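Reading through the structure tokens given below for one structure.
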Number of protein chains: 2
Amino acid sequence: MGRPAKLSRERLQTAALALVDAHGLAGLSMRALASELGSAPMTIYNHVAGRAELEVLVVEAVIGEADWSREPHDDWRDAVVAITVALWRAVRAHPHAIPLILTRRSRSTALLEASEALLDALARSGRSGRELLIAFRTVTGFVMGIAQAELAGPLSVAADEPADVVIGRFRALPRFRYPRLIEIADAAATSDAEGELRAGLALVIAGLDAGLDATPSPSRRRLPVAQ
Amino acid sequence: MGRPAKLSRERLQTAALALVDAHGLAGLSMRALASELGSAPMTIYNHVAGRAELEVLVVEAVIGEADWSREPHDDWRDAVVAITVALWRAVRAHPHAIPLILTRRSRSTALLEASEALLDALARSGRSGRELLIAFRTVTGFVMGIAQAELAGPLSVAADEPADVVIGRFRALPRFRYPRLIEIADAAATSDAEGELRAGLALVIAGLDAGLDATPSPSRRRLPVAQ
DNA sequence: ACCTGAACACCGTTCAAGT
DNA sequence: ACCTGAACACCGTTCAAGT
């Protein structure tokens, strides 16, 4: 069979992502990848230091699909939305890779790029230093948390079990004990994911907006802050 | 070496968590756990269906450490803060278990309990149905995302490498290319984690507060802001 | 410079057998 | 009801050897 015998980082990358997409994280192994590419397991080590680096390659491939810079945005809020929605879409397109993304992202230059762009937008809200750090942590935490929650949270929809199974499990909970959970399980059954993301993001941005009133003086604030 | 030969779910649970805490996720294996408890690997299967169930046990142990119900809170904002901070502290005390928690939490009854309590607090902000779902997703996404980000994000502090190594890696980035990342890396080096969490949470809650103005139907109300 | 087979030290889990 | 050893089908990675 005319198998291209030449291996390359790029071929490893796309084949690895394909494996993860098709068979889940457990499907990604040096041996499986090698046989997929028609070569010996050890050949892979000529292009990649080990499994960890392979995983970073997968993360890069996923994040690389995010394209947030179609047009520039005058309003920093629009820029924040554009970047986070683009990231979320890319991540969501590869649900099996999410644990990898959460775990290996600090090594991905594609994500560094996105992070810098997001920071740039947030800085335009008038923040710097620690305030900027907190805004950054809040937004990225939110996006990653939402992406993850959808996959594996109590109301998971994207996991390996079909949505109605998960929601059914919730409906089966003792009604008197978890009335609220059952209420939102019903709501979750009929709502679209991106709509939820955007609505949540709007809340976060509203918070970022409100936070601007109180910021400059470090001592007293109007927000329910710790201590 | 008077080893108690009797195995029990509870002994498995604490031993498994101890293994994860001490040696990381990779340190948790049926075989390692068995030898830790002085029994044969297969004995474990008499108390637990398999590795997946063992992992849920670990999640339960971690979440079970969160205690948010010391006193009731009149203000829903205070309740939200109390619950999320308690969860965050418990999770943060076991950083190696975080991937497990993100992945297996939908099976943990301890987390169901916490979720219901959080929903209860959020419902007191005047939300229900889809609005409640979105508020819930936003807050839980935020907390989990932050906990995870701290461990593995671009500014990770809790990973297996010491903080100064990570931050040093950032300082080594091309300054002209990632100026904002370098700026917050400096801020991250001197800031405390719980302070960041609470400040971010304050932003989210401010957003939840602001969101009340815009709500379409009956629950429009202008609550006096905290304090 | 790139590829590879054999081997090592691990996994989770099935099965049949013990008490 | 609880425990267990042997075995199966996997892992990632080292090493020595090939081209």
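Note that the coordinates shown come from a computational prediction; the quantities given were computed from them, not determined experimentally. Here is the naming used below: chain letters follow the sequence lines, and residue numbers restart at 1 for every chain.
Between R180(B) and L118(A), every side-chain heavy-atom pair lies at or beyond the 4.5 Å cut-off. The shortest distance between side-chain heavy atoms of L12(B) and I44(B) falls below 4.5 Å. Side-chain contact between Y178(B) and E183(B) is absent, with no heavy-atom pair separated by less than 4.5 Å. Using a 4.5 Å heavy-atom threshold, the side chains of S115(A) and T140(A) count as separate.
When the P atom of dA9(C) is taken as reference, atom CZ of R31(B) falls 14 Å away, rounded to whole Å. Between the CG atom of L19(B) and the P atom of dC11(C) there is a distance of 11 Å, given to the nearest Å. Nucleotide dC11(D) holds its C1' atom 14 Å from the CG atom of L25(A), rounded to whole Å. Rounded to an integer number of Å, the gap from CZ of R9(B) to P of dA1(D) is 17 Å. Rounded to whole angstrom, the span from the CG atom of L33(A) across to the P atom of dC11(D) amounts to 11 Å. Note: CE (M42(B)) to C1' (dC8(D)) measures 12 Å, nearest angstrom.
The partner of dA6(D), taking Watson-Crick or G-U wobble pairs whose two distances both stay under 3.5 Å, is dT14(C).
With E60(A) contributing its side chain and T109(A) its backbone, the two residues share a donor-acceptor pair below 3.5 Å.
Sorted by residue number, the members of residues 44-52 of chain B with any non-hydrogen atom under 4.0 Å from DNA chain D read N46(B), H47(B).
Among dT4(C), dG12(D), dG5(D), the nucleotide with an atom closest to any side-chain atom of M30(A) is dG12(D).
Enclosure of atom CD in E194(A) by more than 12 non-hydrogen atoms of other residues, nucleotides or ligands within 6.0 angstrom is indicated.
A sub-4.0 Å separation between OP1 or OP2 of dT4(D) and a side-chain N or O of T43(B) is present.
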